[in-house]
Amino acid sequence: MKTRSAIFAGIAGATLIIIVGIMTNSGENTHENKIRVAYFPNINHAVPIIGMEKGIFQNHIGNNTVIEPVLFDAGPQVIESLFAGSIDIAYVGPGPAINGFLKSEDHNVKILSGAASGGVSFIVHPSSKINSVADFTGKRIAAPQIGNTQDISLRSYLSENGLKPSEKGGTVTVLNLSSSDIYTLFAKGDIDAAWVPEPTATILVQQLDGKRLFNEEELWPNHRFASVLLIAREEYVNQHPDLINKWLEAHKQTVDWINSNPEQTRKTFIDFMKKETGKSLPDGLISESLSNLQITSDPIVSSIHTFAKRADSLGYLGRHGYDLEGIFFDINSNSQLQEVLVNDKT
């Protein structure tokens with residue numbers, strides 16, 4: 001499994017969720033003085049990045065608990081690590097989160113809050129003659145890891161428009177690649193387009209003359225869909241209510257801080273990427289990326305059900321269908337969390 005993987009220009013694929021997990025063997029994997037946090041080094045993950053870099057999470061958690069960051073580049077990898085006991089909390093997209101809920105024992109992976117909406121675009125190579133979905137036939141289109149949120153959106157969009165990927169006997173070649181590989185193949189002209197999150201989308205536009213055919217949010221009701229959610233293993237939440245309460249408070253404060261301080265957010269993210277990758281991203285690139293993203297604690301419930309329906313139609317959820325009943329944490333079951341969680345939904 002790849003953590004802190006090599007990233008070209010600081011790009012990595014994913015959409016935004018916090019997962020708080022207690023592992024299979026609670027006796028061995030309960031960390032009273034440490035929280036291992038997984039997230040991706042991209043602007044859609046602004047909440048964990050900014051919250052960590054500005055010390056907001058540490059200030060709420062307190063100095064007696066160490067927050068240990070672990071960087072990933074794909075949501076399915078995070079779910080695997082969650083179940084393996086390698087991480088305690090993490091940020092991932094709706095697709096992996098739904099899979100985590102359905103595959104977890106007793107369906108005890110729960111959604112607590114949102115963290116972002118949007119921040120995903122369809123970018124066309126400058127030499128590829130794609131002006132609409134009618135031009136997709138015969139084209140090579142990239143998305144991050146199979147089963148991740150952008151992959152689900154791309155494949156569903158093809159199906160809704162009467163198209164199929166080549167492995168299903170269709171005319172569109174879908175390539176599931178890391179963000180660095182997407183950049184490389186786009187630069188070579190070996191792919192026609194990519195369905196990718198920020199800042200990868202804007203990097204392809206500004207550095208490689210890609211054309212932003214549309215933002216994914218344009219395809220959703222009210223131009224909003226969850227690309228970041230806060231989810232948790234119910235057991236862990238119930239066993240550590242004070243810790244989770246503090247995390248939730250820090251989460252909401254970070255959302256508010258980002259929305260009130262766009263310029264400082266941009267600078268903090270640029271500094272983070274330079275520290276993690278050794279490469280600096282231009283101010284204008286990050287500003288444009290942020291303009292395509294809404295940082296919000298709203299989980300946009302309807303979009304979660306839509307993602308599940310789409311994943312099921314693609315065969316990602318198994319043969320027996322799916323049931324999302326119970327995927328949202330029942331705040332009434334834990335009075336210590338009720339007030340902060342209710343406030344987090346505003």
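- Taking CG of Asp209 as the reference point, atom CG of Leu204 lies at 11.0 Å (rounded to 0.5 Å).
- No donor-acceptor distance shorter than 3.5 angstrom exists from the side chain of Thr202 to the backbone of Glu198, with no hydrogens or angles considered.
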- Should Asp192 and Lys129 be marked as a salt bridge (charged side-chain N to carboxylate O under 4.0 Å, His left out) after you check the CA-CA gap, both sets of side-chain angles, and the distance that decides it? CA-CA 8 Å; Asp192 296 286; Lys129 298 179 181 178; over 6 Å; no
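- The two atoms that bring Pro262 and Leu290 nearest to each other are O-CD1, 4.2 Å, heavy atoms only.
- Judged as a salt bridge (charged side-chain N to carboxylate O under 4.0 Å, His left out), and not counting sequence neighbours, Asp135 has no contacts.
- In this structure, Asn44 contributes its side chain and Gly119 its backbone to a donor-acceptor pair below 3.5 Å.
- Annotation: side chain of Asn99 is not in contact with side chain of Ile79 (no heavy-atom distance under 4.5 Å).
- Lys309 places no side-chain N or O within 3.5 Å of a backbone atom of Ile304 that could act as its donor or acceptor partner.
- Under the 4.5 Å side-chain contact rule for hydrophobic residues, Ile300 and Ile295 do not share a cluster.
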- Message: Please determine whether side chain to side chain contact (heavy atoms under 4.5 Å, CB included) holds for the pair Trp247 and Phe57, giving the CA-CA distance in whole Å, both sets of side-chain angles, and the decisive distance to 0.1 Å.
- Response: CA-CA 7 Å; Trp247 192 274; Phe57 285 109; 3.4 Å; yes
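- Of the inter-residue distances, the one linking Leu112 atom CG with Leu230 atom CG reads 4.0 Å to the nearest 0.5 angstrom.
- Residue pairs that meet the salt bridge (charged side-chain N to carboxylate O under 4.0 Å, His left out) test with at least one member in residues 259-274, sequence neighbours left out, are Glu263-Arg266, Arg266-Asp283, Lys267-Asp271.
- A heavy-atom distance below 4.5 Å is not found between the side chains of Val37 and Glu68.
- Of the possible polar contacts, none joining the Ser128 side chain to the Val124 backbone as a donor-acceptor pair under 3.5 Å is found.
- The shortest side-chain heavy-atom distance between Thr173 and Leu175 falls under the 4.5 Å cut-off.
- Remark: side-chain polar atoms of Ser303 are paired, donor with acceptor, to backbone N or O of Ala226 under 3.5 angstrom.
- Between atom CD1 of residue Ile141 and atom NZ of residue Lys139 there is a gap of 8.5 Å, rounded to the nearest 0.5 Å.
- Judged as a ring-ring contact (aromatic ring centres under 6.0 Å, His included), and not counting sequence neighbours, the contacts of His107 are Phe101.
- No side-chain donor-acceptor contact under 3.5 Å links Gln150 to the backbone of Gln145.
- Exactly one of Asn176, Val174, Leu314 qualifies for a side chain to side chain contact (heavy atoms under 4.5 Å, CB included) with Ile146. That residue is Asn176.
- Two residues are said to be in side-chain contact when any heavy atoms from C-beta on lie closer than 4.5 Å; Ile123 and Thr200 fail this criterion.
- Gln253 and His60 are linked by a side-chain donor-acceptor pair at a separation below 3.5 angstrom, with hydrogens and angles left out of the test.
- Once rounded to the nearest 0.5 Å, the distance linking OG of Ser302 with CZ of Phe225 reads 12.0 Å.
- In this structure, a donor-acceptor pair under 3.5 Å is absent between the side chains of Ser81 and Arg36.
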- Item | Check against side chain to side chain contact (heavy atoms under 4.5 Å, CB included), Ile270 and Ser280 | CA-CA 6 Å; Ile270 291 172; Ser280 183; 3.9 Å; yes
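- Here salt bridge (charged side-chain N to carboxylate O under 4.0 Å, His left out) pairs that include residues 158-181, with residues two or more places apart or in two chains, are Arg155-Glu167, Glu160-Arg310.
- A donor atom on one side chain and an acceptor atom on the other are found under 3.5 Å apart for Ser121 and Asn215.
- When the side-chain hydrogen bond (donor to acceptor under 3.5 Å, both in side chains) test is applied to Asn261, the partners found at least two apart in sequence or on another chain are Gln264.
- For the atom pair NZ of Lys188 and OG1 of Thr184, the computed distance is 6.5 Å after rounding to the nearest 0.5 Å.
- Taking the side chain as every heavy atom from C-beta outward, Met273 and Pro41 approach each other to under 4.5 Å.
- Under the 3.5 Å distance criterion, the side-chain polar atoms of Asn59 are left unmatched by any main-chain donor or acceptor of Gly62.
- Side-chain atoms of Asn245 never come within 3.5 Å of backbone atoms of Pro241 as a donor-acceptor pair (strictly under, hydrogens ignored).
- Ser159 places no side-chain N or O within donor-acceptor distance of the main-chain N or O of Ser156, the cut-off being under 3.5 Å.
- Under 4.0 Å is where a charged nitrogen must lie from a carboxylate oxygen, and between Glu288 and Arg212 at least one such pair does.
- With sequence neighbours excluded, the residues forming a side-chain hydrogen bond (donor to acceptor under 3.5 Å, both in side chains) with Trp220 are Glu216, listed by chain and number.
- Checked against the 6.0 Å centroid threshold, Tyr157 and Phe214 count as a close aromatic pair.
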- Go through the steps to decide whether Gln207 and Tyr183 satisfy the test side chain to side chain contact (heavy atoms under 4.5 Å, CB included), and finish with yes or no. CA-CA 10 Å; Gln207 296 184 0; Tyr183 182 97; 3.2 Å; yes
- Query: Can you list the steps and then say if Glu217 with Ser117 is a side chain to side chain contact (heavy atoms under 4.5 Å, CB included)?
  - Reply: CA-CA 8 Å; Glu217 65 195 43; Ser117 169; 5.9 Å; no
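- Between the Thr254 side chain and the Ala250 main chain, a donor and an acceptor come within less than 3.5 Å of each other.
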- Stepwise, does the ring-ring contact (aromatic ring centres under 6.0 Å, His included) test hold for Phe40 with His45? CA-CA 6 Å; Phe40 307 160; His45 288 232; 4.3 Å; yes
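- The distance from atom OG1 of Thr277 to atom CG of Leu71, rounded to the nearest 0.5 Å, is 10.5 Å.
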